[in-house]
Amino acid sequence: MYAQMVDAGPERVRPAGEMSPEEQHFQERIDAGIKIEPKDFMPEAYRKTLIRQISQHAHSEIVGQLPEGNWITRAPTLKRKAILLAKVQDEAGHGLYLYSAVETLGVTREQTIEDLLSGKAKYSSIFNYPTLTWADIGAIGWLVDGSAIINQIPICRCSYGPYARAMVRICKEETFHTRQGFDIMLALCRGTPEQKAMAQDALNRWWWPSLMMHGPADSDSKHSAQSMRWKVKLFSNDELRQKFVDQTVPQAEYLGLKIPDPELKWNPERGHYDFGRIDWDEFYNVIQGNGPCNRERLRARIEAHEQGAWVREAAAAYARKHAQKKAAA
Ligand code: FAQ
């Protein structure tokens with residue numbers, strides 16, 4: 001039912017018998033753990049899948065600066081402000097590595113950015129929620145960067161070389177981001193009753209969107225099967241979501257916070273936590289552009305792009321002049 005709301009059903013995984021000899025050889029290289037590099041042969045569908053996923057990932061990093069950027073001027077201490085500023089700048093850097101990785105697949109950066117600004121390309125659902133209090137900054141670091149790390153560590157081993165290599169550095173920085181988020185939550189939870197209540201309120205609002213961030217249930221994920229065959233993804237959406245829940249519940253207990261899910265329970269037979277039903281209507285509503293902040297986020301990116309036009313023009317003019325000088329010398 002939900003898959004239909006995004007598009008028509010899961011993509012079909014091509015059986016070996018339908019592949020050309022070149023495609024079979026490509027699949028054998030992937031199965032053998034050999035990285036695919038930009039100039040290697042790759043099926044058009046593999047290239048398109050990478051462009052889609054890596055560009056959406058890049059856009060998420062860039063749009064993802066906005067919710068936390070909202071608190072840079074209001075951070076409670078100079079130290080917290082410096083840490084937050086560094087984190088938000090890191091996210092910009094991640095976006096730039098990833099835009100470069102997309103360029104290796106033959107798409108210009110201008111086109112990729114245009115797809116974001118026109119609303120054609122997606123970015124992560126999570127960044128369409130507002131940051132109402134300082135505790136939201138702690139919750140984002142703890143839960144959102146925590147989810148991002150669980151998703152991204154395996155991508156360091158994905159089949160496409162430039163994407164895998166970009167993820168290594170990104171993951172190192174994400175680890176710092178998660179720790180700073182947890183540290184904010186810890187300070188609030190050890191503070192006054194009002195501060196602890198603020199931390200609980202942030203957890204209440206960010207918990208379910210953090211679970212949704214891992215994407216649709218496996219039964220409704222149209223790209224997972226083929227992406228896993230190609231090792232663009234190494235784990236399914238549900239596997240990573242479960243990992244996130246199992247990792248985060250003990251951390252919430254340490255903080256003395258309650259996860260807002262009455263069905264959350266350790267299941268000794270599965271060796272995992274069981275959790276309640278995700279509101280998939282909310283998820284699809286957000287990714288279709290109707291979340292609490294979608295319009296605001298896109299407007300902010302469009303304004304920033306327009307206001308940055310003179311910088312791009314100046315950089316291009318400088319590069320042209322530099323090239324002319326070099327040619328004349
Ligand atoms: N939001 O068939 P699947 C971060 C779309 S970075 C929006 O399962 P797939 C760092 C999906 O695109 C966060 N759309 O798709 C940070 C597809 O639509 P399409 C971003 C979503 O690709 C922290 C459709 O639904 N991370 O947080 C979402 O196999 C703090 C069907 O879904 C990445 O991008 C969603 N949550 O699996 C920054 C990691 N989920 O394209 C700042 C790399 C699904 O057909 C502050 N990406 N959709 O129109 C991935 O691992 C995968 O792309 C998934 C989705 C797991 C996100």
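Since the model is a prediction, treat every value here as computed from it, not as a measurement. Numbering of ligands and ligand atoms starts at 1, following listing order.
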Chemist: Within ligand 1, which atoms have a heavy atom of E61 less than 4.0 Å away?
Modeler: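 Those qualifying, in numeric order: 6 (S), 10 (C), 16 (C), 38 (C).
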Chemist: Would you say N151 has any N or O atom under 3.5 Å from an N or O of ligand 1, going by distance alone?
Modeler: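 Yes, there is a polar N/O contact under 3.5 Å.
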Chemist: Decide whether Y160 and T104 meet the rule of one side-chain donor and one side-chain acceptor closer than 3.5 Å.
Modeler: yes
Chemist: With a 4.0 Å cut-off on heavy atoms, is F235 in contact with ligand 1?
Modeler: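 No; F235 lies far enough from ligand 1 that no heavy-atom distance drops under 4.0 Å.
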Chemist: Say whether, by atom type as modelled, one donor and one acceptor occur between the side chain of Q152 and the main chain of I149 under 3.5 angstrom.
Modeler: no
Chemist: Using a 4.0 Å cutoff against the non-hydrogen atoms of P216, which atoms of ligand 1 qualify?
Modeler: 8 (O), 31 (C), 32 (O), 40 (N), 44 (C)
Chemist: Would you kindly specify which portion of H214 sits under 4.0 Å from ligand 1, judged on non-hydrogen atoms: side chain, backbone, both or neither?
Modeler: backbone
Chemist: If you count the atoms of ligand 1 from 1 in the order shown, which ones are under 4.0 Å from a heavy atom of I287?
Modeler: 1 (N), 7 (C), 14 (N), 25 (O)
Chemist: Compute the minimum heavy-atom distance from H94 to ligand 1 and say whether it is under 4.0 Å.
Modeler: no
Chemist: Taking 4.0 Å as the limit for heavy-atom contacts, which would you say applies to M212 with ligand 1: side chain only, backbone only, both, or neither?
Modeler: backbone
Chemist: Could you list which atoms of ligand 1 come closer than 4.0 Å to a heavy atom of K233?
Modeler: 8 (O), 9 (P), 29 (O), 37 (O)
Chemist: Using distance alone, determine whether S60 and ligand 1 share an N or O pair under 3.5 Å.
Modeler: no
Chemist: Atoms of ligand 1 less than 4.0 Å from Y123 heavy atoms?
Modeler: 1 (N), 7 (C)
Chemist: With a 6.0 Å cut-off (strictly less than), is the heavy-atom count around CZ of F41, excluding the residue itself, greater than 12?
Modeler: yes
Chemist: Would you say the ring centroid of W207 lies under 6.0 angstrom from that of F244?
Modeler: yes
Chemist: Does any N or O of ligand 1 fall below 3.5 Å from an N or O anywhere on D145, backbone included?
Modeler: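 N/O-N/O distance under 3.5 Å: no.
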Chemist: List the steps and the verdict of ring-ring contact (aromatic ring centres under 6.0 Å, His included) for F235 and H214.
Modeler: CA-CA 11 Å; F235 294 96; H214 292 278; over 10 Å; no
Chemist: Under 6.0 Å from the six-membered ring centre of Y273 and within 45° of its axis: does the NZ or CZ of K265 meet both?
Modeler: no
Chemist: Within a reach of under 6.0 Å around NE2 of H25, are more than 12 heavy atoms found that belong to other residues, nucleotides or ligands?
Modeler: no
Chemist: What residues form a side chain to side chain contact (heavy atoms under 4.5 Å, CB included) with E173, not counting sequence neighbours?
Modeler: D90, H94, R169, H177
Chemist: G215 heavy atoms, cut-off 4.0 Å: which ligand 1 atoms fall inside?
Modeler: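 Selected atoms, number and element: 40 (N), 44 (C).
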Chemist: Linking I/L/V/M/F/W/Y whenever their side-chain heavy atoms sit closer than 4.5 Å, directly or via other members, would I153 and V144 fall into one cluster?
Modeler: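 They do not share one cluster, since no chain of ILVMFWY contacts under 4.5 Å joins I153 to V144.
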Chemist: Looking only at heavy atoms, is any part of N237 under 4.0 Å from ligand 1, and if so is it the side chain, the backbone, or both, or is it neither?
Modeler: side chain
Chemist: Short N/O distance, under 3.5 Å, between S227 and ligand 1?
Modeler: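 There is no such contact.
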Chemist: Output the list of atoms in ligand 1 that are nearer than 4.0 Å to some heavy atom of K222, sorted by atom number.
Modeler: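 In order of numbering, the contacting atoms are 2 (O), 45 (O).
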Chemist: Please compare M213, Q56, Q53, K87 and report which has the shortest non-hydrogen distance to atom 57 (C) of ligand 1.
Modeler: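 The option holding the nearest heavy atom is M213.
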Chemist: Show every ring pair (Phe, Tyr, Trp, His ring centres under 6.0 Å) that has at least one partner inside residues 69-88, sequence neighbours left out.
Modeler: none
Chemist: Could you tell me whether Q65 and ligand 1 have an N or O pair separated by under 3.5 Å?
Modeler: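 No; the residue has no nitrogen or oxygen that sits under 3.5 Å from a nitrogen or oxygen of the ligand.
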Chemist: Verify the neighbour count for atom CZ of R312: are there more than 12 heavy atoms of other residues, nucleotides or ligands below 6.0 Å?
Modeler: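 Check passes, neighbour count above 12.
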Chemist: Short list, please: which atoms of ligand 1 are under 4.0 Å from a heavy atom of R52?
Modeler: 12 (O), 22 (O), 41 (O)
Chemist: Taking the six-membered ring for Trp, are W280 and Y284 parallel (under 30°), tilted (30 to 60°) or perpendicular (over 60°)?
Modeler: tilted
Chemist: Check R52 with D115, please: is the shortest side-chain N to carboxylate O separation under 4.0 Å?
Modeler: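 Salt bridge flag = no for R52 with D115.
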Chemist: If I apply the N/O under 3.5 Å rule, does H223 come out as touching ligand 1?
Modeler: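 Yes, H223 has an N/O under 3.5 Å of an N/O on ligand 1.
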Chemist: For E174 and ligand 1, answer yes if some heavy atom of the residue is under 4.0 Å from a ligand atom, otherwise no.
Modeler: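 Under 4.0 Å: yes for E174.
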Chemist: Can you find an N/O atom of E91 closer than 3.5 Å to an N/O atom of ligand 1?
Modeler: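 It does not: no N or O of E91 is found under 3.5 Å from an N or O of ligand 1.
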Chemist: Heavy-atom pairs closer than 4.0 Å: do any link ligand 1 to the side chain of Y284, the backbone, both, or neither?
Modeler: neither
